[in-house]
Amino acid sequence: MTLRIGNASGFYGDRFDAMREMLTGGELDVLTGDYLAELTMLILGRDRLKDPAAGYARTFLRQLEECLGLAHERGVRIVTNAGGLNPAGLADAVRRLADRLGIPVRVAHVAGDDLTAAHPGSLAAHAYLGGFGITECLRAGADVVVTGRVTDAALVTGPAAAHFGWNETEYDRLAGAVVAGHVLECGAQATGGNYAFFRDGDARRPGFPLAELHEDGSCVITKHPGTGGFVDVGTVTAQLLYETAGARYAGPDVTARLDTVRLSQDGPDRVRIEGVRGEAPPPTLKVGLNRLGGFRNEVVFVLTGLDIEAKAALVREQLEPALGKVADVRWELARTDRSDAPTEETASALLRLVVRDPDQGAVGRALSGAAVELALASYPGFHVLAPPGKGSPYGVFEDVYVPHGSVDHVAVLHDGRRIPVPPAHDTAVLDAVPQPSLPRPPEPGLTRRAPLGLVAGARSGDKGGNANVGVWARTDDAWRWLAHELTADRFRELVPESRELTVVRHALPNLRALNFVVEGILGAGVAAQHRFDPQAKALGEWLRSRHLEIPEALL
């Protein structure tokens, strides 16, 4: 008995027509949509400030207007976290839409994640719930289930538990579904999107992924026939490493052991995942807190031609009086210029100034006026990419943890009944996993200085203020070298901005992979825009571009 679960959204703003593509492209039992991220919760929180009836992903409603009939005709159930901060509001909106379209569907939602009232000063505080609220809704006959902040993988574990009749302690099966859900959650990232070796296939318009999930928790990751992109062991490995860390991948229902995952190619565009082991979940639930951190402003000065360093120094000295009382001032000089360049753009460097302060006035008009006044009184060739504004609010993300029992997880059924979802039956503290055995290092031989990316793939992302960089080898020989060469210290050498930070390395031999967590590199999270790449999306590609001595046998 196989459950076919597809995904049609990896974030709020993903491809609009993906829902229709997934419903018409092949067989499905359940279609999921993931619309939430740390930054999205902040955006929805600001929406709710303006309109208390807002707080959900309106895109989902517009997609459903043209696809609800298709789902009903094909018997496909829809499960989505598009409810955001207001799942009850979105569920009501779906009912009104269905009535207007004359489509008889049963709509349920999951409540209990909103803990904002318990965290004064936060714009939005939401616990990451598990999948059993979704399970209760589906078991009661819901056609559409709307949630707020559940874990991304819960969109798969909930339907799987409902379909196969799993109970709360079948940890291996649940862990298999968690791994499947983690692969699906980011949509086209599992089918060739954002993939290090994108030239291995046609990545121009990747299709969206689906999982053929089995009763024992194993699955096959694939996509609808005829859709773009490709699915292979590499694309699945990359997504498994995305925004994870060590061997234990904790969630509210189960802790999945990523060090037990086994991948194999099961045919064209088919990757089998099996062997996943699960453990009792940790005794606490993660709560994501979003709050307004103050105001920020930014201006980028273009420095062209000769004397780049001296021009940058002049601007900094000229603006220093206006910046004296600003709480946080950051200057970054990007030497994008070339000597004897054939175009003006390639002869130019960029000097970026970012300021933050609790007072909008400190980073607004005072800075804007000081920067604009330099237009005729600074370095030769003075201009900026865009004039600074009046200062805009920025958010800060942090996570805290609360006991399972402190959250009222409730399934609100289509007929209005409210079914409490009990907390985890058993829990286990997340102890560190012993370091796994590594293969013996390769024999010494000739080496050549070359980019790491010639022999290894990478994918990186953000978790609050931390970044993770997953690096994997595609062959056993490359893994033997990578496992011993790319230590945490070598990572710091290759990524200089991590040298003063804590870098933790996790080895996952089954995946021929290393996962690095760089603590604090993103400051207060993506909304604070602490660095040039605030979500660390390209940190892995920067690492792959760095040169080191690589055995010639691997090149």
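None of these values were measured; they are calculated from a predicted model.
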Worksheet item: What pair of heavy atoms forms the shortest contact from Glu274 to Ser264, and how long is it?
Response: OE2-OG, 4.3 Å

Worksheet item: Quick one: OG1 on Thr151 to CG on Leu129, what's the gap to the nearest 0.5 Å?
Response: 8.5 Å

Item to complete: Assess whether atom CZ of Arg546 is packed by more than 12 heavy atoms of other residues, nucleotides or ligands within 6.0 Å.
Response: yes

Item to complete: Look only at the side chain of Asp477 and the backbone of Arg480, and say whether a donor-acceptor pair between them is shorter than 3.5 Å.
Response: no

Worksheet item: Taking everything shown except Arg46 itself, do over 12 heavy atoms lie less than 6.0 Å from its CZ?
Response: no

Worksheet item: side-chain contact (heavy atoms from CB on, under 4.5 Å) with Phe491: which of Leu514, Val503, Val471?
Response: Val503

Item to complete: State the CG-OG1 distance between Leu430 and Thr284, to the nearest 0.5 angstrom.
Response: 7.5 Å

Item to complete: Please report the C-alpha distance between Arg270 and Asp232 in whole Å, then the side-chain angles of each, then the deciding distance to 0.1 Å, and finally whether the salt bridge (charged side-chain N to carboxylate O under 4.0 Å, His left out) criterion is met.
Response: CA-CA 7 Å; Arg270 294 177 62 83; Asp232 63 21; over 6 Å; no

Worksheet item: Do Arg512 side-chain atoms and Arg474 backbone N/O form a donor-acceptor pair below 3.5 Å?
Response: yes

Worksheet, complete the sentence: For Asn515, the side chain to side chain donor-acceptor pair (under 3.5 Å) test, sequence neighbours excluded, returns Thr244, Asn468

Fill in: Student check: side-chain heavy atoms of Ile221 and Gln239 closer than 4.5 Å
no

Worksheet item: How many angstroms lie between atom OG1 of Thr135 and atom CG of Asp253, to the nearest 0.5 angstrom?
Response: 7.5 Å

Item to complete: Measure from the side-chain N and O atoms of Arg248 to the backbone N and O of Asp431, and report whether any donor-acceptor pair falls under 3.5 Å.
Response: yes

Worksheet entry | Side-chain heavy atoms of Leu115 within contact of Asp113, under 4.5 Å | no

Worksheet item: Can Thr32 and Thr80 be said to form a side chain to side chain contact (heavy atoms under 4.5 Å, CB included), step by step?
Response: CA-CA 5 Å; Thr32 66; Thr80 180; over 6 Å; no

Worksheet item: Taking side chain as C-beta onward, heavy atoms only, is Asp29 less than 4.5 Å from His163?
Response: no

Item to complete: Take Asp216 and Ser218, measure what side chain to side chain donor-acceptor pair (under 3.5 Å) needs, and give me the verdict at the end.
Response: CA-CA 6 Å; Asp216 64 356; Ser218 66; 2.7 Å; yes

Worksheet entry | More than 12 heavy atoms from other groups under 6.0 Å of OH on Tyr401 | yes

Item to complete: Establish, from distance only, whether the side-chain atoms of Thr116 and Asp114 form a donor-acceptor pair under 3.5 Å.
Response: yes

Worksheet item: What residues, two or more places apart in sequence or in another chain, satisfy side chain to side chain donor-acceptor pair (under 3.5 Å) together with Glu549?
Response: Thr447

Discussion item. Within the 4.5 Å heavy-atom criterion, are Leu184 and Pro209 side-chain neighbours or not?
Written reply: yes

Item to complete: Apply side chain to side chain contact (heavy atoms under 4.5 Å, CB included) to Trp542 and Val495, showing your working.
Response: CA-CA 8 Å; Trp542 178 28; Val495 181; 3.6 Å; yes

Fill in: Tyr35 vs Thr40 side-chain heavy atoms within contact, under 4.5 Å
no

Practice prompt. Kindly give the heavy-atom pair with the smallest separation between Cys137 and Val145, and that separation in Å.
Written response: CB-CG2, 3.7 Å

Worksheet item: Counting N and O atoms only, with roles assigned by atom type, does the side chain of Arg544 sit under 3.5 Å from a partner on the main chain of Leu454, one being a donor and the other an acceptor?
Response: no

Item to complete: Begin with the C-alpha distance, continue with both residues' side-chain angles, and end with the deciding distance and a verdict on salt bridge (charged side-chain N to carboxylate O under 4.0 Å, His left out) for Glu21 and Arg15.
Response: CA-CA 10 Å; Glu21 289 178 10; Arg15 190 189 307 165; 3.2 Å; yes

Worksheet item: Below 4.5 Å, heavy atoms only, C-beta onward: do Val354 and Arg296 meet side chain to side chain?
Response: yes

Discussion item. If we ignore hydrogens and angles and just use 3.5 Å, is the side chain of Trp166 paired with the main-chain N or O of Glu215 as donor and acceptor?
Written reply: yes

Item to complete: Could you check if a side-chain atom of Phe208 sits within less than 4.5 angstrom of a side-chain atom of Ser9, using non-hydrogen atoms only?
Response: no

Worksheet item: Once you round to the nearest 0.5 Å, how far does CZ of Phe60 lie from CZ of Phe16?
Response: 11.0 Å

Discussion item. Taking the basic N atoms (NZ, or NE/NH1/NH2) and the acidic carboxylate oxygens, is any pair closer than 4.0 Å for Arg205 and Asp17?
Written reply: yes

Discussion item. Checking Asn7 against Asp34 for the side chain to side chain donor-acceptor pair (under 3.5 Å) test, could you report, in this order, the C-alpha distance in whole Å, the side-chain angles of both residues, the deciding distance, and whether it holds?
Written reply: CA-CA 8 Å; Asn7 173 281; Asp34 181 5; 5.9 Å; no

Worksheet item: Between Asn466 and Glu519, do the side chains contain an N or O donor and an N or O acceptor separated by less than 3.5 Å?
Response: no

Worksheet item: What closest approach, in Å, do Pro451 and Ile550 show between heavy atoms, and which atom pair accounts for it?
Response: O-CD1, 3.4 Å

Worksheet item: For Tyr249, what residues pass the side chain to side chain donor-acceptor pair (under 3.5 Å) criterion, not counting sequence neighbours?
Response: His182

Practice prompt. Would you mind reporting whether Val287 and Asp399 have side-chain heavy atoms less than 4.5 Å apart?
Written response: no

Practice prompt. Report the C-alpha distance between Leu28 and His224 in whole Å, list the side-chain angles of each, state the deciding distance to 0.1 Å, and finish with yes or no for side chain to side chain contact (heavy atoms under 4.5 Å, CB included).
Written response: CA-CA 10 Å; Leu28 279 181; His224 283 326; 4.1 Å; yes

Worksheet item: Where is the tightest heavy-atom contact between Val407 and Ala127, given as atom of each residue plus distance?
Response: CG2-CB, 4.1 Å

Worksheet entry | Parallel, tilted or perpendicular: rings of Phe197 and Tyr195 (30°, 60°) | perpendicular

Worksheet item: Do Arg499 side-chain atoms and Arg492 backbone N/O form a donor-acceptor pair below 3.5 Å?
Response: yes

Fill in: Residue pair Val231 / Asp269: nearest heavy atoms and the distance that separates them
N-OD1, 3.0 Å

Worksheet item: If you draw a 6.0 Å radius around CZ in Arg204, do more than 12 non-hydrogen atoms from other residues or ligands fall strictly inside?
Response: no

Fill in: Whether over 12 other heavy atoms sit under 6.0 Å from His484 NE2
yes

Fill in: Expected output: side-chain Ser460 to main-chain Ala536 donor-acceptor under 3.5 Å
yes

Worksheet entry | Backbone N/O of Ser122 and side chain of Arg291: donor-acceptor pair under 3.5 Å | no

Item to complete: Look at the side chain of Arg459 and the backbone N and O of Gln189, then say whether any donor-acceptor pair between them is shorter than 3.5 Å.
Response: yes

Worksheet item: Is there a donor-acceptor contact under 3.5 Å from the side chain of Lys223 to the main chain of Thr227?
Response: yes

Practice prompt. Please test Ile5 against Val79 for side chain to side chain contact (heavy atoms under 4.5 Å, CB included), starting from the C-alpha separation and ending with a verdict.
Written response: CA-CA 10 Å; Ile5 302 181; Val79 179; over 6 Å; no

Worksheet item: Can you name the closest pair of heavy atoms from Phe132 and Val421 and give their distance?
Response: CB-CG1, 3.9 Å

Worksheet item: Run the salt bridge (charged side-chain N to carboxylate O under 4.0 Å, His left out) check on Asp152 and Arg149 step by step: do they pass?
Response: CA-CA 8 Å; Asp152 299 337; Arg149 180 74 277 186; 3.0 Å; yes

